[in-house]
Amino acid sequence: MTDRRSASRRTLGALVVTALVAVVVGLTISSIDHAVHELMLPLGDVSVIREQAAAKHLDPALIAAVIYAESKFEPRTSPAGAEGLMQIEPATAEFLAKLSGGYRFTTSDLARPSVNVAYGSYYLRYLLEHYAGSEMLAVAAYNAGLANVDMWVAKASAAGRQLTVDAIPFTETREYVQRVLAAQRAYRATYAHQLGLR
């Protein structure tokens, strides 16, 4: 009888240890998976992104994707002088400030995520309206400027076709658009809950 109880306790103990090991391994794999996601597809300032997406009627995953392509969520000043998470150039910010009625703008404001994302989101909304809702064209203009994209669209239209990603003449802009649109899909799939998409 004692041998049976000892064997039962050993079996129960082995099961408990096995279960604990499985839980620890599962948690470790989950933690590693989360850490890899954070490194490969970082996400920060979620409340600002969600707030601006709601205010500007934008897909929060699109805002996150532009931030990812521009700065990978590490705000800095580019060699061209672009600032913050969404890498907004001071001249563009001044244009947006006047367009939106914000006359108290100073360049140093672009270092604040709330201001930077508000301006970048405003610009995305402006570009989407300019291009009748085409995210591809809006993203291309975010990178290459309105004048360039308007010219490419006009040339494509004159040739009886629409501008496609593959037909964007600037390699940098073509790759930028591909990177943003791919990141948008990834953010929607990976961070749907955090971005308020569920």
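Residues: numbered from 1 along the sequence shown.
The closest donor-acceptor contact from the side chain of S78 to the backbone of A82 lies under 3.5 Å. For T190 (side chain) and A186 (main-chain N/O), a donor-acceptor pair under 3.5 Å exists by modelled atom type. With hydrogens and angles ignored, the 3.5 Å screen pairs no side-chain donor or acceptor of R76 with any backbone N or O of G84.
Q162 is not listed as a side-chain neighbour of V153, based on a closest heavy-atom distance of 4.5 Å or more. Looking only at side-chain heavy atoms (C-beta outward), L41 and Y191 come within less than 4.5 Å of each other. Put simply, the side chain of D45 does not reach to within 4.5 Å of the side chain of I67, judged on heavy atoms. Within the 4.5 Å cutoff, side-chain heavy atoms of L128 are placed close to those of L58. The closest side-chain heavy-atom distance from Y142 to M86 is below 4.5 Å. A 4.5 Å side-chain heavy-atom check between E70 and L85 finds every atom pair outside the cut-off. By the 4.5 Å heavy-atom criterion applied to side chains, V177 and I168 are counted as neighbours.
Only one option out of V180, L127, V165 pairs with V139 in a side-chain contact (heavy atoms from CB on, under 4.5 Å); it is V180.
For the pair P113 and V48, the tightest heavy-atom approach, listed with the atom from each and the gap, is O-CG1, 3.9 Å. Of all non-hydrogen atoms in T107 and P90, the two that sit nearest each other are CG2-CG, 3.7 Å. Shown here for A140 and T173, the closest heavy-atom pair between the two residues is O-CG2, 3.7 Å. The nearest pair of heavy atoms linking L197 to A61 is CD1-CB, 4.4 Å. Shown here for Y68 and A183, the closest heavy-atom pair between the two residues is CD2-CB, 3.8 Å. Of all the heavy atoms in L195 and P60, the pair that sits closest is O-CG, 3.4 Å.
Rounding to the nearest 0.5 Å places CG of L43 at 14.0 Å from NZ of K72. Between the CD atom in E94 and the CG atom in L99 there is a gap of 13.5 Å [rounded to 0.5 Å]. Taking CD from Q194 and CD1 from I49, the interatomic distance works out to 11.0 Å, rounded to the nearest 0.5 Å. With rounding to the nearest 0.5 angstrom, the CD atom of E172 is 5.0 Å from the CG atom of N143. The CG atom of D166 sits 7.5 Å away from atom CZ of R174, with the distance rounded to the nearest 0.5 Å. Between the CD1 atom of I88 and the CG atom of D109 there is a distance of 11.0 Å, given to the nearest 0.5 Å.
Identified under the side-chain hydrogen bond (donor to acceptor under 3.5 Å, both in side chains) test for residues 46-56, with sequence neighbours left out: Q52-K56. Within the structure, side-chain hydrogen bond (donor to acceptor under 3.5 Å, both in side chains) pairs that include any residue of residues 119-130 comprise H130-D150 (at least two apart or interchain).
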Open item on the list: Does Y131 form a side-chain contact (heavy atoms from CB on, under 4.5 Å) with L146? I'd like the steps, not just the answer.
Closed with: CA-CA 10 Å; Y131 294 112; L146 273 168; 3.4 Å; yes
Task: Chi angles and distances behind the side-chain contact (heavy atoms from CB on, under 4.5 Å) call for F170, W152 - done: CA-CA 10 Å; F170 293 176; W152 302 337; 3.6 Å; yes
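For the residue pair E83/N116, the side-chain donor-acceptor check at 3.5 Å is not satisfied.
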